[in-house]
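The structure appears below as structure tokens.
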Amino acid sequence: MSLPTVLRTIGRGRRFPHPFCKTPAMVNFMAAQSLNETEALVRKAARGAGWAWGLAEEWGYAAKWLAARELPIFLSPALARPALSPAAVSNPISADGALCPLMTGLFLMDNQRHFHNGVMIKNLSYPLLSLPFVSLLGPMRLQWAGTNIAVGAGKHWLAKSDTLTAAVADATILPLVGTLPADGINPRDCGCPQNAEEWRRLETLAAKTFVAATADSRSHGAGAGLRDDN
Amino acid sequence: MSKATIPTASLRPPSDIMRLAVLGGFCQTRLSFMRVLLRRLKKEQWRFSRPQWQIDAAGIGYAVYEARTPSRVYSLLVFSHKPPPLRSDRVIAEAWDATFTLFDGVPTADDLRQMAAQVSKQEAGRQRAQQFVLSRANRSTRLFAYVVDCLANGTQPAMARLAEVGYLMRTTAVYGNGKFGLADRSRVAARPEFTTPFQAELLAVWLFRAFPIDLAEHLAATKNPQAVKLSPPQRRLLGIGNSTGLGMAPFLIAHPALLHCWIAARETALARVRALPAADKKTEFMEFLARAQLGVTMWQTADEQQQRRIKQLSADLQKAAQQADTLLRQKYPWEALHQWSDAHLHTEGREMLVSLIIEPHGDLTDDLAEQMAFDEDSLFVLDGRPTVAEYLAILRRRYAWIWREDFSQSAANARFWYVSEEKLEPRLGERYEEAGADVELPLSVMRDMQFFWRDLEGAVADETLGGFLARQPQYRHLARRAQTAERFPYGEIQDNLISAKMLPLDLLRCKLSFFGATKFDPRSDRWLRITMYQDAPYADELADCAADDWAWPPLSASFLQNAGHG
């Protein structure tokens, strides 16, 4: 690489507008978003959408879980929906309206002793988003119209599907029996490229958790003087 | 001797140690991450080189420093820029003297081209999963030009001036862990050399330490082909400076399990030494104490409160030096010394003595570094099966301290933590003067646990936690903390982190002490300058000298005592 080329490229080491702060956000989707970025953004987006921090953390966890398995994070519509939990332990599980995948997932975990043999769930919105929690029940299959995913021993199995991001479905959870097939997919140690539109929607929500700077907050919020030349 | 059979005194209780004033008085120990790193580099005989030096006469261009482990290669890519007209250490800065990244492998020409563009943009660029660390540095205007001039004139710069500043360049942020597209910690920590926390970041800084020297020598040679190079004793006095502010402050609160592991390792190291029946290492200890005293005389700061603490520390170490001989003749001498320090010294003196007591006992304690990493993801899942009564019992066991503060008093509730829109960094705001408390970060554990406790008391005792949280989901993260606290009792800082008189500096100093930083130089209550790797060996020396004897200056440096004072 010739030095003139390098010098032209480097220039002054200038910083460009930050993708989160200036619109339009021009994040490069050729490079993947890291798991850490994914978790952090979704957690902040959930908070920005009005979820308590403790639940926002759960959304972040779910997003990271999915991203590590290259499963789509189609979350922003779910964040906008009510946090509807199952009414009671029953089979099928239901409520007065479309069930929130996060609240349902947490409900399944907290009551897992009732669900070892599986369960049906009526009217589950964005069912894929409950998978990170279903996976904590043990080797399980989660299915809804057009989609069939199995999880177990840290891996997952996914037959071809075009309803992964279905907005609502009746879902079934069934325990996996016998030896797990050998061709399960392991989670990766990195994130994956995310859908640009969805990422921007999440950024917009997350921005609600940031506090705009003022001259005052700049000077004493972080501490250092604006000029530091020694 | 297996770990299970090493005699250990009882660990100091969390209620004593996990206070901001104590944590803020910590200094580095053998278990600090920089020291763990250099011990490994030497033990595994890593090989270092500089395969690329493409810097022009004006100091602009790039360089590649290579580190070869027994099984792989890492490259530090450094991009050297035209000096910016206005330097700022703030995260909102827009230009730097140098930007750099730690790359996994040997970069191709395409890699270099691509990274040249992205690395120089820092937070605004997109980095790749083959990059483990991203950082940038500015020159010390006090020192850089002076050193270049001396070398160009064929002379060595004055040791006293080098010691006073301690660095030619300082970093202003060192990023890892998936930020801006960098490799996630799950990838980094899978490498045995990077399992201990922050090893990749600290390797990047150590490799970078050579660059300002190389650059200064290069610029001197450009001025005058007869210029000399910096000689080894001068070079050793230069570390890498760093400005640390609130960006790192929430870390200790957000990672209770990890904090516990760090503190427990340090306390266990101390407890193992305290259990020794005799002081076989007394001579070594006395020498380290003398070196620590020398180091304290070289500790510069403009901050008046810190100056007072340093004076006090100096007096404390002198008392310790006078008493040590007698105390160390007793049975269980280190226990005697430690108990004496607890009764007679201020916090900073006592904690420095902790470090000194551990210092000569590396073969007894260095293995504890392996216990300082922890996969926190494994703790995330909240078990909703315990009852409300069982959770209240946990709170009574682990969180009785929260009732020390009355949050109806405005001073108790005076601040709030938030994320700034401008740079997505944590900030500390004044609740009654600024907007933004509605999106306060959940770092006010003491206050929020009070609400959780009260509402648990109001619930039915045999309701499951899951049932309770389904009705009151705003407590989920606190329930998680309580679940963690049972296993990790050193995980909570038992102080009010939003009080009017809370010093964020204490959080920063604690974390930085685990890094191995020295020369804490507070510039306000919430940011400070430090030095990293001052007196440490360079890559070309590592094979031939001690890797880990640099935490305290050598006694031969006594001529630098009070360097820069008055």
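Letters A, B, ... are given to chains in the order of the sequence lines, protein chains preceding strands, and every chain is numbered from 1.
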Which bit of B/Leu465 comes within less than 4.5 Å of chain A, counting heavy atoms only: side chain, backbone, both or neither?
neither

May I ask you to test the A/Glu57-B/Arg480 pair for a side-chain heavy-atom distance under 4.5 Å?
yes

Side chain, backbone, both or neither: which part of A/Glu39 has an atom under 4.5 Å from a heavy atom of chain B?
neither

Contact class of B/Ala435 relative to chain A, heavy atoms under 4.5 angstrom
backbone

Which bit of A/Lys208 comes within less than 4.5 Å of chain B, counting heavy atoms only: side chain, backbone, both or neither?
backbone

4.5 Å side-chain heavy-atom contact, B/Lys179 and A/Glu37:
no

Engaged part of A/Leu35 at the chain B interface, taking heavy atoms whose separation is under 4.5 Å
both

Max heavy-atom pairs within cutoff under 4.5 Å with chain A, candidates B/Gln474, B/His477, B/Arg187, goes to B/Arg187

Pairs under 3.5 angstrom only: tabulate donor-acceptor contacts from the side chains of residues 108-122 of chain A to other protein residues two or more places apart or in another chain.
from: A/Asn111; atom 1: ND2; to: A/Phe107; atom 2: O; distance (Å): 3.0
from: A/Gln112; atom 1: NE2; to: A/Met109; atom 2: O; distance (Å): 2.9

Contact check, side chains of B/Val439 and A/Phe210, non-hydrogen atoms, under 4.5 Å:
no

Within this structure, what is the CG-SG distance for the pair B/Leu182 and A/Cys190, rounded to the nearest 0.5 Å?
13.0 Å

Working to the nearest 0.5 angstrom, can you tell me the gap between B/Leu424 CG and A/Lys44 NZ?
6.0 Å

Donor-acceptor pairs under 3.5 angstrom involving side-chain atoms of residues 379-386 of chain B: please list them, not counting sequence neighbours.
from: B/Asp383; atom 1: OD1; to: B/Arg385; atom 2: N; distance (Å): 3.0
from: B/Asp383; atom 1: OD1; to: B/Arg385; atom 2: NE; distance (Å): 2.9
from: B/Asp383; atom 1: OD2; to: B/Arg385; atom 2: NH2; distance (Å): 3.4

Looking at A/Trp53 and B/Tyr475, would you say the former's side chain and the latter's main chain have a donor-acceptor pair under 3.5 Å?
no

Among B/Pro442, B/Gly241, B/Ala189, B/Ala98, who wins on heavy-atom pairs under 4.5 Å with chain A?
B/Pro442

Among B/Gly247, B/Ala183, B/Ser420, who wins on heavy-atom pairs under 4.5 Å with chain A?
B/Ser420

Do the charged groups of B/Asp377 and A/Lys64 touch, with an N to O distance under 4.0 Å?
yes

Heavy-atom closest contact (B/Arg476 atom, A/Leu106 atom, distance)
NH2-CD2, 3.5 Å

Measuring heavy-atom distances to chain A, does B/Asp110 have an atom under 4.5 Å in its side chain, in its backbone, in both, or in neither?
neither

Proximal component of B/Gln52, with respect to chain A [non-hydrogen, under 4.5 Å]
neither

Side-chain (B/Asp184) to main-chain (A/Asn36) donor-acceptor, under 3.5 angstrom:
yes

Between the side chain of A/Ser34 and the main-chain N/O of B/Gly178, is any donor-acceptor distance below 3.5 Å?
yes

